[in-house]
4 protein chains.
Amino acid sequence: MNEQQLAEFKAQLARAARGTFWEHIGAELASFADDRVVLTLQVKPHHMNLIGILHGGVSATLLDSAMGVLAAAARPDDTVVTTNLNMHFLSQVKDGEVKVEAELVHSSRKLITMQGRIYKDNGELSAFGTATFHVIDRRPPKAE
Amino acid sequence: MNEQQLAEFKAQLARAARGTFWEHIGAELASFADDRVVLTLQVKPHHMNLIGILHGGVSATLLDSAMGVLAAAARPDDTVVTTNLNMHFLSQVKDGEVKVEAELVHSSRKLITMQGRIYKDNGELSAFGTATFHVIDRRPPKAE
Amino acid sequence: MNEQQLAEFKAQLARAARGTFWEHIGAELASFADDRVVLTLQVKPHHMNLIGILHGGVSATLLDSAMGVLAAAARPDDTVVTTNLNMHFLSQVKDGEVKVEAELVHSSRKLITMQGRIYKDNGELSAFGTATFHVIDRRPPKAE
Amino acid sequence: MNEQQLAEFKAQLARAARGTFWEHIGAELASFADDRVVLTLQVKPHHMNLIGILHGGVSATLLDSAMGVLAAAARPDDTVVTTNLNMHFLSQVKDGEVKVEAELVHSSRKLITMQGRIYKDNGELSAFGTATFHVIDRRPPKAE
């Protein structure tokens, strides 16, 4: 991905995110390279679960989103969908900003494997996850 | 859990959910028993990901929430937290209502294992997940 | 799969297993149907880990093998390989016979999702797992 | 862990492994440090599955063993057991030597999280996994 493609990709991302769960949850793209992406989220009361800590579903959303951006960028001519997401929740988040880092682990013709980590603003690791993405040829369209 | 405890638990849940991610995402408790819970969600545009299908993070939130309610009810005197969540995404959801079913698989003194499934309104299985919850003694409070 | 195909499949399995890890570990096929398979294993000292309980790798081998047989039978004209295996270890096994049950959860054109459970001879659940298999077209052969 | 404790730990490991699945599978401890361990395995025909590639159960055994050694060393006064093991199988192994690397990701009072990778002798990544270990106090002994 050269600079022009990257700029186009970021603009596409901003447009595509309008009205989606990405925008709804409030994640921001902090940095992006071919095999690594960083998101941030300001943790707010509506991100919490019933016992007052960051909802595991928010962490899952952040990691899936970060990995998904990376997977989409790796295969710009195809559709990629998450097929597996494995989360380890390590320490509780109560407030502040979280940083989400995702990177590509392995890529074959049809499957892409990712890993990602979520850090609290004191630098402590909060969650750790891995995922598999399935590459679906866009032409001809096929139901998977 | 007898009827009175159940009614109290549902009322507690409603109060506890105010302003949390559970309320933010719009899930509804459809039914509840000691070892099985059912939630529903009306899928809306803001639940979608960038390619126009239900965001994996929404599915993860729904399963984690359903399992978490069950885990909390199983140990009313302790705090339970999700430590592992494994999701399999099976078929895409584009609209309609999804139904989320969670049930207890195994329970030991400190760890509870759950499984759950998400169905589309045509009855097709959309996602499938398993999770481990860690039981933390509430007294004395300890950081985990 | 009709009766003749089933008989052929079982004979193929017995031949194919000679000298493999399946034979090395000592698993036996107890029953087999289109969407469900049962294996058994007599637990012996060489199946144990360093603290004297059944090695998690043996449980993983049994579940992967049971699910793999089912996946292979579901796509007799293709090659299927495990891409993800998620294990929950629930209670320790020290001796006796374990029973391994696997069943198909979902099948799409290229991906098959399975679940399986391992029971001790007192009926208690010992392990629980899920897996994804990738269907690779046998013709033309392609490196994955 | 100082040098003497390390030497004792390795000697303990060798003695403890006699007759276990570790010895049965043929893994060798290549190196060991407080937060990282490396094993090797010479791949042989009896490690294969029915389609002639390294059995996923062998990879799971290797990762669980490597992580387990690390977890045991991290808590020399307690018993640690695997509660979750998540495997991603990335590329097939047909022969040669595999190298297994495991490292500690996070440690709390009762739960330890690990990750590990298996490499082929051409350096390609073959499998990738994560696991959770539960720390059980040895005194007083309690059934989990």
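- Using a 4.5 Å heavy-atom cutoff, the side chains of B/Gln92 and A/Val81 are in contact.
- With chain B as partner, the option from A/Val58, A/Thr83, A/Thr130 having the largest number of non-hydrogen pairs under 4.5 angstrom is A/Thr83.
- Contacts between B/Leu62 and chain A at a heavy-atom distance below 4.5 Å are absent for every atom of the residue.
- For residues 23-33 of chain B, every residue pair satisfying the side chain to side chain donor-acceptor pair (under 3.5 Å) rule, not counting sequence neighbours, is listed here: A/His24-B/His24.
- Considering only residues two or more places apart in sequence or on other chains, A/His47 meets the side-chain hydrogen bond (donor to acceptor under 3.5 Å, both in side chains) condition with none of them.
- Atom CD1 in B/Ile53 sits 9.0 Å away from atom OG1 in A/Thr79 (nearest 0.5 Å).
- Taken to the nearest 0.5 Å, the NE2 atom of A/His55 stands 5.0 Å off from the CG atom of B/Asp64.
- Looking at A/Leu63, there are no atoms closer than 4.5 Å to chain B (heavy atoms on both sides), in backbone or side chain.
- With a 4.5 angstrom heavy-atom cutoff, A/Thr132 does not touch chain B via any of its atoms.
- For the atom pair CG of B/Asn84 and CG of A/Asn86, the computed distance is 9.0 Å after rounding to the nearest 0.5 Å.
- The structure places OG of B/Ser65 at 8.0 Å from CG of A/Asn49, a figure rounded to the nearest 0.5 Å.
- Residue B/Met48 holds its CE atom at 11.5 Å from CZ of A/Phe21, rounded to the nearest 0.5 Å.
- Top candidate by heavy-atom pairs under 4.5 Å with chain B, chosen from A/Arg15, A/Arg18, A/His88, A/Met87, is A/Met87.
- Contact annotation for B/Ile51: only side-chain heavy atoms (C-beta onward) come within less than 4.5 Å of a heavy atom of chain A.
- Annotation for A/Phe89 and B/Leu85: closest pair CE1-CB, 3.9 Å, computed over non-hydrogen atoms.
- B/Leu54 does not touch chain A: none of its heavy atoms, backbone or side chain, sits under 4.5 Å away.
- For chain A, the option among B/Gly56, B/Gly19, B/Ser59 with the highest count of heavy-atom pairs below 4.5 Å is B/Gly19.
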